[in-house]
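Before any comments, here is the structure.
A quick note: this is a predicted structure, and the numbers were derived from the prediction, not measured. The basis for the numbers below is simple: all heavy atoms, side chains too, and nothing from hydrogens, waters or symmetry mates. We count residues from 1, following the sequence as given.
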Amino acid sequence: MKKNVYISLSLCIFGLAFLLTGCQEAEELVPTAGNKLTALSFLTSDLVDTKITVEETDTESVIKIDADVNGLKTTDMTKISVSANIPNNARIEPAFVGPVDLSQPYNFEVVGADGERQAYIIEARLSVVYQHRTLWKKTATELGFNNHNNGAVGFSGDYVVVHDRGGLFYANISDGERAGNISMEGIDWGSLQRTVPLHMATDDAGNIASCNFGVAEGDVIHMYWWEGVTATPKMLFEYVLDIPGVQVGRKIYVRGDMTDHAFLYLGLSKKNMFLQWEIKDGQVVTQEPRRVDYSLDYTMGVQAKIVPIEVGANSNYFVARYEDGVGKVAITYMDGTTNQPIYQSEHHIQGIYHQWLGGGHAFDYAQMDGAYYMFMIEQNGGNWMREIFDIRKVMLRPDKISSIMDLIKFRNWNDWLNFPLDPNFASNGNVTGDVKVKVSPDGKSALVAFLCTNGGVELWEIY
């Protein structure tokens with residue numbers, strides 16, 4: 001009898017446990033409400049993948065999704081595979097079945113398990129994943145470099161313009177062969193305190209600008225310009241260095257067309273200030289420069305470079321990053337109105353080898369298809385190890401900064417001794433070099449010239 005009681009009691013306990021467990025499982029299966037989209041993924045017809053996070057919004061109306069879809073130039077935006085992260089038990093209407101046409105705004109809804117609906121609209125654009133090919137590379141020996149004398153490169157018409165402290169020369173874009181020397185007729189640098197140019201710049205139209213340098217108060221700077229490689233030089237302005245403790249003339253940048261409208265920038269070494277001249281119809285508006293102080297948590301080094309993004313007195317601009325006077329492989333993006341940083345990238349680290357590299361002041365950027373791409377050289381003064389980073393996506397749009405050093409592609413380490421080392425030249429003690437980008441008229445491709453002092457020049461096509 002007791003045995004039967006024990007059996008009955010055990011069955012009751014087992015049944016109670018089963019009921020409790022069953023209730024718990026039933027509660028977990030109750031659908032949860034929710035109709036918010038958290039992420040979208042796009043896969044193009046040429047198998048380029050993109051994932052974006054959808055920002056939360058308090059609005060109850062249509063939520064706009066501003067999307068950049070990575071793809072090649074041949075990507076068909078009418079055939080994009082789309083997938084979404086949505087709550088469990090929610091559904092998308094119309095469902096993402098088969099290719100979706102994102103060439104125009106696309107409307108859909110997320111319907112929660114409770115029937116509540118949230119409307120979305122995707123406004124997408126193609127963000128081209130660019131490819132590159134090397135057109136040619138010439139060593140310092142092949143180009144006739146002089147030891148420690150070549151520090152700048154640019155574009156003018158069908159030519160690559162190369163700086164030399166004894167003058168400027170130009171080579172064919174097509175094959176890199178030297179084609180001629182830039183005229184120095186009438187230039188009076190020899191009568192000034194500092195008699196050679198340390199840098200040279202070409203504007204967006206292929207005009208050329210160069211000046212002698214200054215290292216002490218009272219040094220006189222004469223800036224000349226050339227309307228193309230076969231033109232004779234014309235005096236652009238005179239400036240007497242009146243700022244103590246700085247050097248000027250080591251880096252020049254011109255944005256715009258000097259025959260029409262442009263701005264010329266001279267960075268000041270060891271000081272967070274640049275000088276700016278406005279140029280109209282081949283003449284400066286005033287001989288006296290505009291002086292712009294900018295605020296950083298570090299002090300610029302000797303090779304202080306300013307790269308504005310557009311033609312305008314208050315254009316946003318890039319500056320190089322320095323630590324204790326040493327250039328880092330990092331860029332700072334500045335607000336041209338407040339002259340405060342918008343974004344400061346970190347020094348790029350890729351293994352122990354980067355502890356031996358430096359020199360992040362040789363850089364330029366291209367604006368193509370509404371996106372900004374950074375090109376730069378990471379170099380070492382010992383002239384025994386280099387790495388050129390191919391393409392760095394700076395930002396998809398000026399108002400959408402992600403990572404200013406978002407790496408798309410870089411040279412593999414098994415190629416790091418191939419260029420720009422030239423065994424016929426000494427070490428590059430100044431750690432100098434230059435990068436210049438020339439965007440095609442249609443904005444769909446670009447040429448990029450890299451110069452490494454004592455190394456040579458390499459030319460790429462970005463397409």
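- Using a distance-only test at 3.5 Å, with no hydrogens or angles considered, a donor-acceptor pair links the side chain of Asp219 to the main chain of Val215.
- The ring of Tyr265 has its center no closer than 6.0 angstrom to the ring center of Tyr253.
- Heavy atoms from other residues, nucleotides or ligands lying under 6.0 Å from CD of Gln283 number 12 at most.
- Interatomic distance, Cys211 SG to Tyr224 OH, rounded to the nearest 0.5 Å: 11.0 Å.
- Ring orientation note: the planes of Phe237 and Trp277 are close to parallel, at an angle under 30° on the 30°/60° scale.
- The closest side-chain donor-acceptor pair between Asn424 and Thr141 falls under 3.5 angstrom.
- In this structure, a donor-acceptor pair under 3.5 Å is absent between the side chains of Asn339 and Asp293.
- Judged by distance alone, the side chains of Ser445 and Ser440 do bring a donor and an acceptor atom under 3.5 Å apart.
- Separating the OH atom in Tyr159 from the CD1 atom in Ile208 is a distance of 11.5 Å, to the nearest 0.5 Å.
- Aromatic pair Trp460/Phe450: ring centres closer than 6.0 Å.
- Checking Asn272 against Tyr298 by side-chain atom types alone, no donor-acceptor pair falls below 3.5 Å.
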I'd like to know whether Ile121 forms a side chain to side chain contact (heavy atoms under 4.5 Å, CB included) with Glu123, so could you lay out the CA-CA distance, the side-chain angles of the two residues, the decisive distance to 0.1 Å, and finally the verdict. CA-CA 6 Å; Ile121 180 171; Glu123 293 188 359; 4.3 Å; yes
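- Taking the side chain as every heavy atom from C-beta outward, His199 and Lys251 approach each other to under 4.5 Å.
- Note on ring orientation: taking the six-membered ring where Trp is involved, the planes of Phe318 and Tyr333 are tilted (angle from 30° to 60°).
- Residues Asn172 and Asp158 have side chains that never bring a donor and an acceptor to within less than 3.5 angstrom of each other.
- Tyr294 and Tyr317 have perpendicular rings, their planes meeting at more than 60° on a 0 to 90° scale where under 30° would count as parallel.
- Under the 30°/60° scheme for interplanar angles, the aromatic rings of Phe263 and His261 are found to be tilted.
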For salt bridge (charged side-chain N to carboxylate O under 4.0 Å, His left out), just list the numbers for Lys280 and Asp257, CA-CA rounded to whole Å, side-chain angles, deciding distance to a tenth of an Å, and then say yes or no. CA-CA 9 Å; Lys280 290 185 176 180; Asp257 180 351; over 6 Å; no
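- Side-chain contact check for Asn212 and His222: no donor-acceptor pair (N or O, by modelled atom type) lies under 3.5 Å.
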